[in-house]
Structure formats: C-alpha cells, structure tokens
Amino acid sequence: MKHVLDFNLEELKLEMLTLGEKKFRAEQILDALFLGKEIDKANLGKELIELLKTNYLINSTKIIKTQTDPIDHTRKFLFQFADGEVAEGVLMSYKYGNTFCLSTQVGCNMACSFCASTIGGKKRDITTGEMLEMIILANCEAKTMPIVGVDVSSIHEDEEDDGDPVGVAPKGNPQRFIKNLVLMGSGEPLDNYHNVVKFIRNLMASKLNFGARSISLSTCGLVPQIYALAEENLPITLSISLHATTDENRKKIMPIAHKYELVELIMSLKNYVKKTGRRVAVEYTLVKGVNDTDGDAKRLKALLGDIVCFVNIITLNDVGRGVNGTTRQEAYHFVEKLKKAGVNATLRRTLGQNIDAACGQLRNKHTKES
C-alpha cells in the first residue's frame, strides 16, 4: 500500500479521479496533512476519509520515544513506520530558529567507522511519504521548542553559526516552526536518490513552504549522484562528508573511498557549485591521529583549492566503535590553522550531549531493548 504523501499534487489529483472524487480534493488532503491534522479530523467528509484509509497509508508514522537534553533542549525522536521499522530525527534550537535533522534510510550501508547508523547495515529506504510525515510530526513538536540556542559561556566566543546551513523562513507563515532542514540523520540520502529528491520537491511545494536555501543534504560522496543532483534544479546546500585529506586515510574510515577517489569527488563538487551557484559545505570530523595533523590542515587547504565552500570541523561523538576523537580544544586549534591558511572554517557546536543524539544511537538502543 502506497503512502498518500508519496504522491505530488498532480499525481494525487489523478488518484482522486480513480476514486471517483473531484481533483480539488487532492489539495485539501495535502494542506490538512502538512498542517499536522489527523485525517479523521480533516474537513473531507466521512466517505472520502474512509476511502483514503482503505487505499493508502496515512498518518502511519508515529513518535514512539522522545529524549530531551535538559541543557540545550535538543530533542531526539524515534519514529516508527507502519511495518514496525524505526528511524531517528533530531530537533535542535539555535538563536536563529529550529533545525531538524532527518534520516533517509533505516540503517545505512556506507559503513563509516565513526558512525553508529551503519551497525547492522541498511534495513530499507525510507519513502517520500514517511520522510514527509517525520518532518510534519517534528514541526508540530517544534511549536513548544524554546528558541534559546546554547550557553555561549561554554564555547569559544568566535564559534559562529555561519557554518550551519541557514535559510530564510517565509514571512507570514505561522504554521512553520522549523526554519532549517538537514538531511544528515541515519542513512545516505543519495543512496535513496529518487525518494529523497521527490521528498524535497513535495516539501517545497507544500503548505510549509520550505525554500531550497533552508534545506541541506549531506553525502559521504556518491559521485554519480552528485552530478545528477546538480541537474535537478534544486539549489539546496550540498554537504560533503570528507573527513580525510588523502585517499589512504579516507579508506581507513570511509569505505566509499575505495570506489571514488578524492580527485573524482572534488571534480563533482566543482561541477555542483558551477551548476547551482551554491557554495558547498565540507564536513570534517576529527579522528585522533588519523586526520588532525598540521599536514592535514595544509592538505585540506590545497584539496579544496578554489571551490566555493565553507568547512565545518566536527568533534567526534563517541558511539562505542573504538574510534577516538580529538578534544574540543584541539579541534579549536585545528580551525585556527585553517583560518590562518585562508580557509572559511568553523567549529560546529555540539548539542544533545546528554541524550543519544548521534546518528543511529537511539535506534540501536531501541533495537537491543526490543
């Protein structure tokens, strides 16, 4: 059974005709669902509501567990789908608004050594409709999210938010409580390419009115899909999980490096910038003794060259896989080296330290308990 939110507006109009309904019903259904209404409470008439419930999955995604960090108010949700599979999402508060981190797969096949999402591999892709239901549920939760950001006394004063993808929330939209969306949760978005691209298009066309500049997609480096994404006319922010400055070191922590070398990856990023006019974000998680040396800082500068980009330096969240991260202070010094070399770099703030906030942690914990 397909999810009703797997369809875009034009496709749903055709579905309505097959059910013997008027085409305008499609817009009514989508508007009600994107505003967080249960289908039973939508103003559609009992007959149509029963037809929808009989023929499609609808309101089938549920939040079954929520963790809230008492310090920074980060919330992590465990979503359960109709088949019983679960995936995570994280709602974070910044001074400029709420950001929601979305998963695109149940599990992950990329096998990066520092990530808990890959434990057990990929179970399945998350559908367009399921991803949309997750952000709809998160948007409803964000109504009560305090916009307080983090305690600036606990960080270096020159740590800025400009390393994060910041969009402009639509004025006069009182129904949208999430400013930015990042596809950086469990799974590899470009390994679920068609569902993800349709999800972005449907979201942008919805009542929530997300613009491309408020959406960021993170990939470990699937080069053909990066080229394909550049042709989609979706000028979202592309974030690349780089994490190493040599092919040898990248292969140690990211198996995808065995398939696509750095020179191929860099060429695809240059093409993306040229085609979309958007700078790319480079994510670089520091692994102690692997990618955090003075030589790495110099090579990172040389590798990025003239690419229009900014670099997010990330401190490793220990997920129990035997990979050690640098300290916060060491990470700050690495950022300083990059800045002196002329690289636009920031140290990403760490939120959700008091909950299972890293990708895959809450799902793995739930799986063990189950």
Side-chain angles (χ1 to χ4, degrees), residues 101-105 108-112 114-115 117-118 122 125-126 128 131 163-165 167 180-204 210-247 249-251 253-285 291 299-300 302-312 314 343-344 359:
C101 181
L102 177 74
S103 294
T104 55
Q105 295 178 314
C108 183
N109 272 342
M110 297 299 108
C112 298
F114 49 81
C115 181
S117 298
T118 66
K122 185 184 84 170
D125 291 328
I126 299 176
T128 294
M131 283 185 274
D164 293 310
N180 300 309
L181 171 67
V182 292
L183 281 69
M184 296 181 183
S186 294
E188 164 55 58
L190 296 187
D191 188 41
N192 187 14
Y193 186 89
H194 296 292
N195 278 325
V196 165
V197 168
K198 191 170 187 180
F199 158 76
I200 293 171
R201 292 194 189 282
N202 286 6
L203 181 63
M204 290 173 61
F210 273 81
R213 290 178 177 272
S214 62
I215 300 172
S216 182
L217 179 151
S218 177
T219 175
C220 68
L222 276 63
V223 169
Q225 288 91 327
I226 293 174
Y227 279 105
L229 186 64
E231 302 294 331
E232 293 283 356
N233 194 29
L234 287 173
I236 61 176
T237 298
L238 178 66
S239 295
I240 178 68
S241 295
L242 189 64
H243 308 315
T245 58
T246 66
D247 287 313
N249 277 351
R250 200 161 190 260
K251 288 174 183 177
I253 57 176
M254 301 181 71
I256 194 66
H258 290 276
K259 191 167 186 178
Y260 305 112
E261 295 186 347
L262 282 171
V263 64
E264 298 175 89
L265 180 57
I266 294 301
M267 289 299 294
S268 71
L269 297 181
K270 289 182 177 180
N271 178 73
Y272 188 84
V273 172
K274 180 179 178 181
K275 291 284 187 178
T276 65
R278 299 282 287 146
R279 65 177 182 168
V280 296
V282 177
E283 298 168 325
Y284 195 91
T285 299
N291 64 359
R299 284 191 295 271
L300 187 56
L303 189 64
L304 298 178
D306 57 355
I307 298 177
V308 182
C309 66
F310 58 90
V311 178
N312 268 325
I314 305 167
V343 177
N344 181 10
C359 294

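Remember, predicted model here, so these are calculated numbers, not experimental data.
When side chains are defined from C-beta on, I253 does not count as touching N249, because their heavy atoms never get closer than 4.5 Å. A 4.5 Å side-chain heavy-atom check between P189 and S218 finds every atom pair outside the cut-off. Two residues are said to be in side-chain contact when any heavy atoms from C-beta on lie closer than 4.5 Å; T128 and N202 meet this criterion. Using a 4.5 Å cut-off on side-chain heavy atoms (C-beta onward), V273 and V280 make contact. Between L217 and L238 there is a side-chain heavy-atom pair separated by less than 4.5 Å. At a threshold of 4.5 Å between non-hydrogen side-chain atoms, the residues K270 and D306 count as touching. The shortest side-chain heavy-atom distance between V197 and I200 does not fall under the 4.5 Å cut-off. Under the 4.5 Å side-chain criterion, counting only non-hydrogen atoms from C-beta, L102 is in contact with F199.
Between the CD1 atom of I256 and the OG atom of S241 there is a distance of 11.0 Å, given to the nearest 0.5 Å. To the nearest 0.5 Å, atoms CG (D125) and CG (D191) are separated by 6.5 Å.
T276 places a side-chain N or O within 3.5 Å of a backbone atom of Y272 that can act as its donor or acceptor partner. Panel note: side chain E231, backbone A228; no donor-acceptor pair is recorded below 3.5 Å. Proximity of a side-chain donor or acceptor of R278 to a complementary backbone N or O of P235 within less than 3.5 Å is detected. In this structure a side-chain-to-backbone donor-acceptor pair under 3.5 Å is missing from S103 to Q105. For the pair N291 (side chain) and T245 (backbone), a donor-acceptor distance under 3.5 Å is absent. Here the side chain of D247 pairs no donor or acceptor atom with the backbone of A257 at under 3.5 angstrom.
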Going through the distances and angles, do M131 and V196 end up as a side-chain contact (heavy atoms from CB on, under 4.5 Å)?
CA-CA 8 Å; M131 283 185 274; V196 165; 4.1 Å; yes

Could you walk me through whether I226 and L229 pass the side-chain contact (heavy atoms from CB on, under 4.5 Å) test, one step at a time?
CA-CA 5 Å; I226 293 174; L229 186 64; 5.7 Å; no

Y193 vs E232, test: side-chain contact (heavy atoms from CB on, under 4.5 Å). Steps then yes/no.
CA-CA 11 Å; Y193 186 89; E232 293 283 356; 2.7 Å; yes

I would like to know whether L181 and L203 meet side-chain contact (heavy atoms from CB on, under 4.5 Å); could you show each step before the answer?
CA-CA 10 Å; L181 171 67; L203 181 63; 3.5 Å; yes

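By the neighbour-count criterion of 12 heavy atoms within 6.0 Å, atom NZ of K275 is sparsely surrounded, having that number or fewer from other residues, nucleotides or ligands. Atom NE2 of H258 sits in a crowded spot, with more than 12 heavy atoms from other residues, nucleotides or ligands closer than 6.0 Å.
One finds no salt bridge joining E188 and K122 here, because no Lys/Arg side-chain nitrogen approaches an Asp/Glu carboxylate oxygen to under 4.0 Å.
Side-chain polar atoms of Q225 and T219 form no donor-acceptor pair below 3.5 angstrom. S117 and S186 share a donor-acceptor pair across their side chains, judged by distance under 3.5 Å alone.
Under the side chain to side chain contact (heavy atoms under 4.5 Å, CB included) test applied with I215, the options L183, T237, L234 reduce to a single match, L183.
Using bins of under 30°, 30° to 60° and over 60° for the plane-to-plane angle, the ring pair F114/H243 lands in the perpendicular bin.
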